[in-house]
Amino acid sequence: IMEGIMMMGVEGIKKTILHGGTGEKPKFVTGSVTFHFRTELCNDERTVIDDSKKAGMPMEMVIGNLFKLDVWEILLMSMHIGEVAEFCCDVIHTASNSDKLYPIVAKSLRRIAVGKDPVDWHIHTCGMANMVAYHSLGYDDLDELQKEPQPLYFVMELLKVQQPSEYDRESWALNDEERLKAVPVLHGQGNKLFKQGRYDDATLKYKEAIMCIKNVQTKAWEAPWLRLEKMANTLTLNYCQCLLLMEEYYEVIEHTTDIINQHPGAMKAFYLRGKAHMEVWNEAEARDDFMSVLDLDPGMKKTIKKELAVLKMRMELKNEEDRLKYKGMFTKMARETSRPRSRIFRTNDSS
């Protein structure tokens, strides 16, 4: 094992090589970088915050457009393939501003590791700073680190470097212009899959398109933001239509409620939420949503009349089922309480 301590030539970063790599340093101009990382606190215990090996998957990022924590690009560009190195980075590199805090990056990585989206794309916020100021990240250790930034150790193992032609770029790796161009393409692909009845695949296309938009949006409620917001809402409602057919009713209620809270005139959101409420027996909520649809678009009168008739029929069937179920339950209880019980005598043996 080759060990050595060297300064990176960048103030506030110290590098220790734990295991030497092979060959010449790769060219880090463009392309993707795959690596393992372990993040530790600079305390006596060297508390581990995140470990990609324990999560079971390496990290892949794109040079020049990294995952919010640009200091990682500096660290990786100093390494050879196969090299393992430890970097001590002071606070200025781990929390230089509100949208580059390590905790926010860590949250995304943890979500990816358990198969979730890297961002809560359906939550409407006025930028990353707003989330930092008012919302928990959902992890106590990251919340604490966010409140009080501190120096961190990053132990990195560089696995491979690929050029753009060698890998497929995902939406998070695109620049803003490419993301906006990708949205209508993904939207069209989602619509085609929906018509084919491939609802699960369609949701992936709609979701990716929404993530492209959310990553481009900047200043809330300004004209460009509003145009993008309208596109995102359309995609989210298409996504919800798929979920409805996939019987994911509570998720439909969650996403449509988010849209309605931001945009109370979204008729389709009320309609889809009403149908979801109807499926989970929320009679009053379903009725209210259907009436809201009628208020917003009187042309939907015929459709809403039909939905209300279905709602009434479903609730009558449900009430009858409940009545029979409880009747049977009470009959059984009455039968058991009227049955004579035998007394059991216990004798104490004395020997």
Side-chain angles (χ1 to χ4, degrees), residues 7-8 10-16 35-61 65-76 85-157 172 210-211 213-221 225 254-255 257-258 261-262:
M7 297 302 292
M8 293 280 298
V10 180
E11 187 178 355
I13 300 178
K14 184 173 74 173
K15 176 180 179 179
T16 304
F35 60 97
H36 275 299
F37 74 95
R38 185 171 72 249
T39 307
E40 302 172 348
L41 294 178
C42 291
N43 56 17
D44 293 338
E45 295 79 22
R46 293 288 292 266
T47 305
V48 176
I49 302 174
D50 292 291
D51 188 335
S52 63
K53 287 189 175 181
K54 286 187 178 179
M57 60 182 293
M59 183 66 193
E60 182 178 347
M61 300 193 302
N65 195 18
L66 290 188
F67 213 49
K68 301 189 188 301
L69 199 68
D70 52 3
V71 66
W72 278 5
E73 185 169 333
I74 298 171
L75 308 184
L76 291 165
E86 174 187 281
F87 301 89
C88 181
C89 301
D90 64 17
V91 174
I92 194 170
H93 289 289
T94 58
S96 57
N97 53 51
S98 63
D99 68 345
K100 295 187 179 181
L101 289 168
Y102 175 78
I104 295 174
V105 176
K107 175 191 175 180
S108 296
L109 301 181
R110 291 180 187 186
R111 289 178 63 85
I112 291 170
V114 295
K116 295 183 179 180
D117 296 331
V119 294
D120 296 317
W121 56 266
H122 64 278
I123 295 177
H124 293 258
T125 59
C126 298
M128 190 70 76
N130 187 53
M131 188 185 81
V132 172
Y134 300 108
H135 298 278
S136 166
L137 294 171
Y139 302 94
D140 291 342
D141 58 340
L142 298 183
D143 285 341
E144 190 63 32
L145 191 58
Q146 182 179 264
K147 290 175 187 174
E148 296 183 19
Q150 56 184 287
L152 295 173
Y153 281 109
F154 297 116
V155 180
M156 314 286 248
E157 179 183 359
W172 62 264
I210 293 163
M211 289 177 67
I213 292 171
K214 294 300 174 187
N215 284 326
V216 171
Q217 282 182 304
T218 52
K219 295 181 180 179
W221 304 109
W225 186 92
E254 178 187 353
H255 294 313
T257 298
D258 182 55
N261 288 340
Q262 294 283 332

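If you're wondering where the values come from, they're calculated on a predicted model, not measured in any experiment. Atom set for the values below is all heavy atoms of this structure, side chains included, hydrogens, waters and symmetry mates excluded.
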Would you sort out whether Ile13 and Cys89 count as a side chain to side chain contact (heavy atoms under 4.5 Å, CB included), showing the intermediate values?
-> CA-CA 5 Å; Ile13 300 178; Cys89 301; 4.3 Å; yes

Please check if atom CD in Glu148 has more than 12 non-hydrogen atoms from other residues, nucleotides or ligands closer than 6.0 Å.
->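 12 or below, so no.
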
Arg38 pairs by side chain to side chain contact (heavy atoms under 4.5 Å, CB included) with which of Ile49, Asp50, Val155?
->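 Going through the options one by one, the only one that passes is Val155.
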
Output the distance between atom [atom1] ([X]) and atom [atom2] ([Y]), rounded to the nearest 0.5 Å.
{"X": "Arg46", "Y": "Glu40", "atom1": "CZ", "atom2": "CD", "answer": "4.0 Å"}
{"X": "Tyr153", "Y": "Lys14", "atom1": "OH", "atom2": "NZ", "answer": "5.5 Å"}
{"X": "Asp141", "Y": "Thr39", "atom1": "CG", "atom2": "OG1", "answer": "10.5 Å"}

For the pair Ser52 (side chain) and Phe37 (backbone), establish whether a donor and an acceptor sit closer than 3.5 Å, ignoring hydrogens and angles.
->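 Checked: pair present.
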
For the residue pair Asp90 and Pro151, what are the closest heavy atoms and their distance?
->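 So the two residues come closest at CA-CB, 4.0 Å.
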
